[in-house]
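Note on naming: letters A, B, ... go to the chains in the order of the sequence lines (proteins, then strands), and numbering restarts at 1 for each one.
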Protein chains: 2
Amino acid sequence: MYAELHQHIKRFVYLSSEEEALLSSLLKSFSFRKKELLLNEGQVCRANYFVVKGCLRMYFIDIKGAEQTIQFAIENWWMSDHTSLQFQNASQFYIQATEATEVIAIEHHQQEELFNKLPKLERYFRLVLQKSHSAAQMRIKYLYSMTGEERYRQFAHLFPEFIQRIPQYMLASYLGFTPEFLSKIRAKK
Amino acid sequence: MYAELHQHIKRFVYLSSEEEALLSSLLKSFSFRKKELLLNEGQVCRANYFVVKGCLRMYFIDIKGAEQTIQFAIENWWMSDHTSLQFQNASQFYIQATEATEVIAIEHHQQEELFNKLPKLERYFRLVLQKSHSAAQMRIKYLYSMTGEERYRQFAHLFPEFIQRIPQYMLASYLGFTPEFLSKIRAKK
DNA sequence: CGCGACGTTGATTTGCCTCAACGATTGTGG
DNA sequence: CCACAATCGTTGAGGCAAATCAACGTCGCG
């Protein structure tokens, strides 16, 4: 059970089979349909989600009513509003399944117990967060040094399969421009 | 010794005085003058730096030759290129002291030993990284939903003392626009 | 004192947004 | 399984926020 997650953890820390069993006892699986919300703005984030299959996105709705995508999580990535999860306060974000998605969840009330019983996981999550933080920094770097068109072309080059998977309006908001503008870039060949 | 750091760690995890002593034995202090570089683009990042007094910034130079500021670190914040530090590969960033700055450093070759001897610190750094990651996400949120002028006014409102401390061209690049534009915003009262 | 770094100001340009109208595709209930 | 609506993508005209470029002012420092 939870094989994909155990596999991923193995890349960073070693867990004995007893430890794996203990971990498994504190996890839950969930399935979400396309467009279903895992977290609503104003709600408290319930869990940290590991994507087994499918795709999640975090977004917010700006002052003009447009959805702006903060990040995506595909297979083997974690997704959560860490601030809301840790301090149990209202989130500013939505988390949504962009397609039918299976996740493994660590819920808030299990989290403390988990880290106390398996301190090795502190290391695992430290390393996972380091990677997420670096990804966010690179994102800022690209926003500050490339035009919208350049960001699209780079993204399409790096993740050709992913752009097939999500609607263009989500990709446009992730890359920091409007759907109309993306459409015009694509029209230029 | 290293009182400021011990103080900061106490906010997140408890360390006995033996543990504090062990930690201290693996730290180093450094002083940097205004404009001095702690990390150069293309170099391997040597350490994770905790700011005791002063201010650091991470930046890169874009294709047009302009410096773009990725983040600042003032007192009680950590600064490092985590990717370069962990994998010991060339960094894409510069880290510079924006004023005379004292730091406490954990160097790469001590890092593993430190985490092995004091696994509690995994938790501390996990929580520190969580905060940094959330800050980077909020940064993206603001870039996607506010104009340059709005970002400046918010920043000036939240950190009135900080805008006195750094040259305007650094603030402009942090907020995502040009020094000329910042000058024009300020001229408008 | 003189030079280089930093900040200001104005004229012009541009990347991208806004709005609107119109196809195409998807999903859903009858 | 079709009809129709809702969602999603495309295209074009016009507008605006901010960049670019250039010239000039000012201040701190060797």
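- In this structure, K117(A) does not pair ionically with E18(A), as no charged nitrogen and carboxylate oxygen lie closer than 4.0 Å.
- Residue contacts for S183(B): at a heavy-atom cut-off of 4.0 Å it reaches a base atom on one of the strands shown.
- Within the 4.0 Å cut-off from OP1 or OP2 of dG7(C), not a single side-chain nitrogen or oxygen of K184(B) is found.
- A salt bridge links R165(B) to E75(B): at least one charged side-chain nitrogen sits closer than 4.0 Å to a carboxylate oxygen.
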Contact string for nucleotides 23-29 of chain C, one letter per nucleotide 5' to 3', B = base within protein heavy-atom range under 4.0 Å, S = sugar-phosphate only, - = neither, reads -------

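- Using a 4.0 Å cut-off between charged side-chain N and carboxylate O, E112(B) and R123(A) make a salt bridge.
- Checked for salt-bridge contact, E122(B) and R126(A) meet the test: a charged N lies under 4.0 Å from a carboxylate O.
- When heavy atoms are screened at a 4.0 angstrom cut-off, P167(B) is found touching the sugar-phosphate backbone but no base atom.
- The side chain of T178(A) places no N or O atom within less than 4.0 Å of a non-bridging phosphate oxygen (OP1 or OP2) of dC16(C).
- Put simply, OH on Y169(B) is 14 Å from P on dT8(C), counting in whole angstrom units.
- Considering only side-chain N and O atoms, K35(A) lies nowhere under 4.0 angstrom from the phosphate OP1 or OP2 of dT7(D).
- With the end axes of the helix from dC1(C)-dG30(D) to dG30(C)-dC1(D) each set by five pairs, the angle from one to the other reads 50° at 10° resolution.
- The interatomic distance linking E180(A) (CD) with dA20(C) (P) rounds to 12 Å, in whole Å.
- Position along DNA chain D of the nearest nucleotide to M170(A) versus F177(B) favours M170(A) as the more 5'-ward residue.
- Going from atom CD of E149(B) over to atom P of dA18(D) covers 8 Å, rounded to whole Å.
- Separating the CZ atom of F181(A) from the P atom of dT11(D) is a distance of 15 Å, rounded to the nearest angstrom.
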